[in-house]
There are 2 protein chains.
Amino acid sequence: MATQRDIARTAGVSVAVVSAVLNGTTHTRMSEATRARVIQAMENLDYQPNQAARSLRLNRTGMIALILHKLDNPVYTHLLRGVYAAAAERGGTVLLGDAETMRSGSQFVTRLLSHGTVDGILIRDDRLYDDDVMAELRSHPKPILSLDYAQDHPWVSIDDCRAGEIATRFLLNLRHRRIVFIGGATGHAFRQRYLGYQQEMQQAGLEPAPHLATGFGEQAGADGLRQALQLPAAPTAVVVNNIMSAVGVLAAARDLGIAVPDQLSVVGIHDVGLMEHLRPAVTAVRMPMYELGRAGVHGLYELMAGRPCAGGIIANPEPELVVRDSATALADA
Amino acid sequence: MATQRDIARTAGVSVAVVSAVLNGTTHTRMSEATRARVIQAMENLDYQPNQAARSLRLNRTGMIALILHKLDNPVYTHLLRGVYAAAAERGGTVLLGDAETMRSGSQFVTRLLSHGTVDGILIRDDRLYDDDVMAELRSHPKPILSLDYAQDHPWVSIDDCRAGEIATRFLLNLRHRRIVFIGGATGHAFRQRYLGYQQEMQQAGLEPAPHLATGFGEQAGADGLRQALQLPAAPTAVVVNNIMSAVGVLAAARDLGIAVPDQLSVVGIHDVGLMEHLRPAVTAVRMPMYELGRAGVHGLYELMAGRPCAGGIIANPEPELVVRDSATALADA
DNA sequence: CTACGGTGAATTAACGATACGTCACCTAAG
DNA sequence: CTTAGGTGACGTATCGTTAATTCACCGTAG
């Protein structure tokens with residue numbers, strides 16, 4: 001509860017000096033002895049600056065918002081780490097929200113839109129939010145950076161198309177020909193991955209299968225595999241768009257008596273720790289999520305400083321295949 | 001960028017009236033016509049209140065902090081929902097942090113400790129944080145509520161001991177006698193669950209096995225199973241303390257050629273969506289995490305209002321066994 | 001002896017929102 | 001006719017911090 005005025009009184013100086021000590025301001029000078037007295041007083045009274053007053057005065061809060069679609073999606077683990085780390089480097093704090101809280105008129109949106117709450121917004125997969133919410137967000141006076149391709153504001157993204165290519169190419173190299181593509185929800189990223197799959201298939205002179213069960217999560221994977229088995233020619237391999245859908249693919253395969261990888265090879269996009277612990281352990285394309293988080297924060301700080309943000313697709317590191325046990329070579333026909 | 005003063009000027013009233021319209025203050029009255037003019041002006045100028053100024057004036061931010069140990073732990077999914085929902089009901093916003101960001105001297109802690117950032121703190125498993133951090137937090141002038149048993153400040157908790165009992169009792173009823181208890185990290189909750197296991201074993205006249213592989217996550221489960229097989233008499237059933245460790249138990253069982261549930265029954269504590277999609281699907285004790293979140297928020301608001309928080313263990317709903325495929329009855333010996 | 005520059009600090013005006021105290025005006029009761 | 005009370009609104013201090021401006025003092029050069 002101690003304020004700068006209390007410090008000033010105890011140290012026998014003015015608040016200006018206290019503020020100057022705190023901020024290392026060169027404008028207001030003081031002797032070393034005075035500075036020491038002030039610091040002593042701050043420690044004695046256990047002084048903690050009032051962020052609200054600072055924010056008001058400086059028109060800057062030191063907080064950025066990070067809005068994700070499903071917070072409990074394990075692919076965000078490293079993204080979060082990257083964002084927190086980069087924000088900490090810049091002296092910032094992160095206000096985390098998820099899609100649940102992003103309904104139009106919700107407390108979270110209202111607060112985000114107010115001045116003096118955050119200095120900028122990092123948003124992932126903005127196509128998943130209400131149009132109303134997005135319109136409101138765009139009217140926000142502070143910068144917004146998308147962690148996904150975006151038409152109408154700055155963005156950085158991982159190379160989703162490349163991930164689709166890598167997974168498909170890997171299966172092609174294992175001599176698979178009947179490869180299907182399963183799962184993924186409606187975001188741009190998910191379509192990009194399918195695009196990568198399509199391109200590789202076509203380049204190999206094969207007909208890409210339609211995008212099956214474009215939903216999200218475990219159930220979409222199970223549904224997708226069942227749908228795939230209805231196709232004229234049963235697939236020998238599957239690219240799973242959303243990694244958690246891979247869990248569903250494995251479960252459905254087990255339920256249907258299909259052995260993985262002997263009768264069906266599975267490759268997931270996005271690697272999470274869980275994949276290592278499934279049986280069979282799932283071969284997956286690791287995406288640079290940590291770096292995406294860092295790049296997002298740094299880009300946002302550029303925008304906040306009034307500079308343009310270069311943005312674009314993160315090229316370093318590239319998506320990388322982590323080979324485990326869920327995919328194997330097809331014997332020659 | 002429009003402030004109340006801008007609204008006041010445009011509507012031809014004083015800022016006092018604008019504020020009154022905004023807050024529905026009865027103190028400053030106005031005619032319906034005036035109110036309408038003010039509202040019109042607010043819409044025209046796209047007015048958004050400045051939270052920093054409000055916080056400063058009111059000495060209240062409308063934000064509460066929620067600090068969790070591992071944000072990506074799926075057991076938090078429903079806890080988060082409960083917290084967000086209850087906070088929204090109270091008109092509050094949630095600032096989410098995880099243990100990563102809770103190092104002493106970190107940006108997050110510093111900000112949390114400052115005035116004018118949050119009105120209260122909800123913390124889970126506070127034994128997992130640095131002593132330094134906890135000491136700092138406790139010196140925080142705003143209320144802290146633990147979502148876990150705590151000695152030195154208010155708390156609410158789920159019934160961890162009961163969960164251990166339920167899992168163990170279930171296996172005992174299936175005629176299992178050699179039941180081990182695996183995994184769990186160092187928190188109080190984890191010890192309570194082991195206690196529940198111990199009690200049930202002793203009540204059945206059996207010798208409880210030592211608490212194996214008291215770590216966290218998938219690997220702890222795998223390690224625990226391997227350790228269990230070193231015991232003089234191999235177990236026929238396992239209670240898994242942390243649910244994600246169940247994934248590791250299943251993987252190790254597969255690797256060792258042990259069939260689940262035919263040769264080994266597995267019951268997990270804490271139910272998450274993933275369990276339904278593993279093969280075999282994992283029988284687990286569902287804990288009322290959503291309600292824990294709600295109870296935590298409501299308790300915290302009580303504390304913030306200066307009232308005592310009843311706290312204690314959440315009795316309704318009770319932990320509930322969700323029977324799936326990973327446990328089966330033991331044939332009579 | 002005076003003017004001047006440098007040092008070390010105090011005063012004060014914002015930042016935007018809120019709520020207390022005040023006030024002008026009008027109506028109706030005494 | 002006076003006045004109490006109700007209605008509708010204004011002025012302003014305040015929250016804690018920052019930074020621009022101002023100021024007092026002292027040593028030294030002219």
Side-chain angles (χ1 to χ4, degrees), chain A residues 1-39 41-42 45-62 110-111 113-117 119 141-142, chain B residues 1-39 41-42 45-62 91 110-111 113-119 141-142:
Chain A
M1 287 295 266
T3 73
Q4 286 192 356
R5 221 173 56 189
D6 299 327
I7 309 298
R9 258 198 297 265
T10 332
V13 297
S14 72
V15 289
V17 175
V18 178
S19 175
V21 169
L22 214 67
N23 300 296
T25 312
T26 53
H27 190 96
T28 292
R29 297 157 312 207
M30 75 222 65
S31 65
E32 217 23 76
T34 306
R35 169 193 303 278
R37 248 184 315 139
V38 170
I39 290 176
M42 295 199 303
L45 300 187
D46 191 26
Y47 170 73
Q48 300 292 350
N50 185 313
Q51 293 297 336
R54 269 191 119 241
S55 300
L56 175 59
R57 182 64 234 252
L58 297 175
N59 194 29
R60 178 166 58 75
T61 65
T110 305
R111 174 165 281 268
L113 288 173
S114 295
H115 304 268
T117 301
D119 300 334
K142 307 284 179 173
Chain B
M1 287 296 266
T3 72
Q4 287 192 354
R5 220 173 56 189
D6 299 327
I7 309 298
R9 259 199 297 264
T10 334
V13 296
S14 73
V15 289
V17 174
V18 177
S19 176
V21 169
L22 215 66
N23 301 296
T25 312
T26 53
H27 186 96
T28 293
R29 295 157 312 208
M30 75 221 67
S31 65
E32 218 21 78
T34 305
R35 171 193 302 278
R37 249 186 314 139
V38 171
I39 289 176
M42 293 199 305
L45 300 187
D46 191 27
Y47 171 74
Q48 301 292 349
N50 185 314
Q51 293 297 337
R54 278 192 108 238
S55 301
L56 175 59
R57 182 65 235 253
L58 298 175
N59 194 29
R60 178 166 58 75
T61 65
T110 305
R111 174 164 282 268
L113 288 173
S114 295
H115 303 270
T117 300
V118 296
D119 301 333
K142 308 284 180 175

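Everything numeric in this text was worked out from a predicted model, so none of it was measured. Letters A, B, ... are given to chains in the order of the sequence lines, protein chains preceding strands, and every chain is numbered from 1.
- For the pair A:Ser31 and C:dA9, the criterion of a side-chain N or O lying under 4.0 Å from OP1 or OP2 is met.
- Closest of all the heavy-atom pairs between A:Ser31 and A:Thr34 is OG-OG1, 2.8 Å.
- Closest contact between the side chain of B:Thr34 and the listed nucleotides C:dC15, C:dG21, D:dA9 involves D:dA9.
- Judged by closest nucleotide on DNA chain D, B:Glu32 is the one of A:Ala20 and B:Glu32 placed further toward the 5' end.
- Rounded to an integer number of Å, the gap from A:Arg60 CZ to D:dT17 P is 15 Å.
- If you measure from atom CE of B:Met30 to atom P of C:dC25, you get 20 Å, rounded to the nearest angstrom.
- For the residue pair B:Thr25/B:Thr28, the side-chain donor-acceptor check at 3.5 Å is not satisfied.
- Partner of A:Ser19 under the side-chain contact (heavy atoms from CB on, under 4.5 Å) criterion, chosen from A:Val15, A:Leu22, A:Asn23: A:Asn23.
- To the nearest angstrom, C1' of C:dC15 lies 14 Å from CZ of A:Arg54.
- B:Thr28 comes within 4.0 angstrom of a nucleotide base, judged by non-hydrogen atoms across all strands.
- Between the CD atom of B:Gln51 and the P atom of C:dG16 there is a distance of 14 Å, given to the nearest Å.
- Comparing atom distances between the B:Ala16 side chain and each of C:dG8, C:dA10, D:dC10 picks out D:dC10 as nearest.
- Computed from coordinates, the B:Arg29 CZ to C:dG21 P distance equals 14 Å when rounded to whole Å.
- Between the CD atom of A:Gln4 and the P atom of C:dT11 there is a distance of 15 Å, rounded to whole Å.
- Remark: P of C:dG16 and CE of B:Met42 are 17 Å apart, rounded to the nearest angstrom.
- Between A:Leu56 atom CG and D:dC15 atom C1' the separation is 9 Å, expressed in whole Å.
- Using a 4.0 Å heavy-atom distance criterion, A:Val13 is classed as a sugar-phosphate-only contact.
- Judged by distance alone, the side chains of B:Thr117 and B:Ser114 never bring a donor and an acceptor atom under 3.5 Å apart.
- In this structure, B:Asn59 reaches neither bases nor backbone, as no heavy-atom distance under 4.0 Å exists between it and the strands shown.
- With C:dA17, D:dT17, C:dC15 as the choices, the nucleotide that has an atom nearest any side-chain atom of A:Thr3 turns out to be D:dT17.
- Between B:His115 and B:Pro141 the shortest heavy-atom distance is CE1-CG, 3.4 Å.
- For the pair A:Leu58 and B:Leu22, both in contact range of DNA chain C, the more 5′-proximal nearest nucleotide belongs to A:Leu58.
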